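Down below is the structure, laid out as structure tokens.
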Protein chains: 2
Amino acid sequence: METRDLDYLLAVDEHGGIGKAAEALGMSQPALTKAIQRVEAQTGLALFQRTAHGVAPTQAGSLFLARARRIALEYEDALKEMRALRSGEQGVLSLGYSPTVPRRSFWAHVASC
Amino acid sequence: METRDLDYLLAVDEHGGIGKAAEALGMSQPALTKAIQRVEAQTGLALFQRTAHGVAPTQAGSLFLARARRIALEYEDALKEMRALRSGEQGVLSLGYSPTVPRRSFWAHVASC
DNA sequence: CTCGATTACGAGCCCCGTAAATATG
DNA sequence: CATATTTACGGGGCTCGTAATCGAG
């Protein structure tokens with residue numbers, strides 16, 4: 001499964017239709033149709049019910065969409081964290097302690113950072 | 001990003017080396033090398049430090065691995081839930097209530113399921 | 001009638017395998 | 001020395017676009 005597929009699912013759910021979602025995603029309707037079918041094949045269940053005015057999540061679809069939202073968010077968070085590390089906004093603070101170092105000079109050193 | 005890539009990362013971390021991980025994954029070592037580089041390109045950071053005896057996670061790598069573990073688990077959980085739904089082990093229980101239905105016959109009906 | 005599904009075709013990309021040479025700690 | 005990286009080559013699969021047609025609520 002690709003993270004892109006999660007966005008596809010969420011877009012279809014948001015727009016309530018494959019055609020509209022495809023337009024919003026900047027892709028063709030047949031491509032998105034196939035993408036959704038791909039995911040449904042991987043889960044082994046119909047995730048959307050096709051109606052005359054578009055699509056609506058099935059019960060299984062609702063459950064999977066909830067998980068998809070969660071996973072998509074955590075993936076984005078992971079990338080954000082990496083971006084933060086990259087731009088130096090955030091770092092990993094490591095504190096080492098050795099009994100041979102006087103506590104006073106240790107904290108003085110920390111403070112000077 | 002593909003979920004497969006998460007497994008690649010975790011395997012490399014587990015085995016402490018790209019060569020060994022590649023063997024465990026049943027793929028070639030150059031392919032896994034490129035896969036890791038792919039992920040590192042997407043995160044914009046080096047996730048593993050190359051040593052003489054294999055590789056070790058960098059600080060950024062440790063952070064990303066933790067998130068990767070979490071996401072991989074949640075993805076598996078999502079698939080498991082779908083599998084459970086599919087095989088009827090689990091379902092979505094919906095209870096509807098209408099004042100016009102006598103409570104006694106309602107519960108009698110539920111019990112008969 | 002509206003929207004999704006399907007078909008057919010092809011283009012392009014991506015991932016991987018193999019094999020050998022190179023770099024690094 | 002062991003391990004990872006790089007290079008070159010090719011195969012295979014997957015994803016998408018287009019265009020047109022079919023199917024169903």
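Predicted model only: the values in this text are computed from it and were never measured. Just so we're on the same page: letters track the sequence lines, and every chain starts at 1.
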Atom CG of B:D7 and atom P of C:dC16 are separated, to the nearest Å, by 12 Å
Taking for A:L32 and for A:T51 the nucleotide of DNA chain D with the nearest heavy atom, the one nearer the 5' end belongs to A:L32
B:M1 atom CE is separated from C:dC14 atom P, nearest whole Å, by 15 Å
TODO: Report yes if a side-chain nitrogen or oxygen of B:Y8 is closer than 4.0 Å to either non-bridging phosphate oxygen (OP1 or OP2) of C:dC15; otherwise report no.
DONE: no
Q) Are any of the side-chain heavy atoms of B:L9 and B:F64 separated by less than 4.5 Å? A) yes
TODO: For C:dC15, take OP1 and OP2 only and decide whether either is under 4.0 Å from a side-chain N or O of B:R38.
DONE: yes
The residue among B:V12, B:I36, B:L47 that forms side chain to side chain contact (heavy atoms under 4.5 Å, CB included) with B:V55 is B:V12
note: B:H53, atom NE2; C:dT24, atom P; distance rounded to Å ~ 18 Å
A:K20 NZ to C:dC3 P, in whole Å, measures 6 Å
| query | Would you call A:R69 and A:D13 a salt bridge, taking side-chain N to carboxylate O under 4.0 Å as the test? | reply | yes
For A:T58 and A:Q49 the tightest heavy-atom approach is CG2-N, 3.7 Å
Determine, for A:R50 against A:E40, whether the closest basic-nitrogen to carboxylate-oxygen distance falls under 4.0 angstrom.
yes
(message) Within the 3.5 Å criterion, strictly below it, is a donor on A:T33 or A:Q29 matched to an acceptor on the partner's side chain?
(response) yes
It should be established whether B:S28 places a side-chain nitrogen or oxygen under 4.0 Å from OP1 or OP2 of nucleotide C:dT18. no
B:I18 CD1 to C:dT24 C1', in whole Å, measures 13 Å
note: B:Q29, atom CD; C:dT24, atom C1'; distance rounded to Å ~ 14 Å
Taken to the nearest whole Å, NZ/B:K34 to C1'/C:dT18 is 10 Å
B:E74 with B:R67: basic N within carboxylate O range, under 4.0 Å: no
Min and max contacting nt of DNA chain D in 5' to 3' order, chain B heavy atoms within under 4.0 angstrom, are D:dT3 to D:dT6
Describe the nucleic acid contact of B:F48 in one word from base, sugar-phosphate, nothing, applying a heavy-atom distance below 4.0 Å. nothing
Query raised in the report: NA contact type, A:G16, heavy-atom cut-off 4.0 Å: base, sugar-phosphate, or nothing?
Result: nothing
Taken to the nearest whole Å, NE2/A:H15 to C1'/C:dC3 is 16 Å
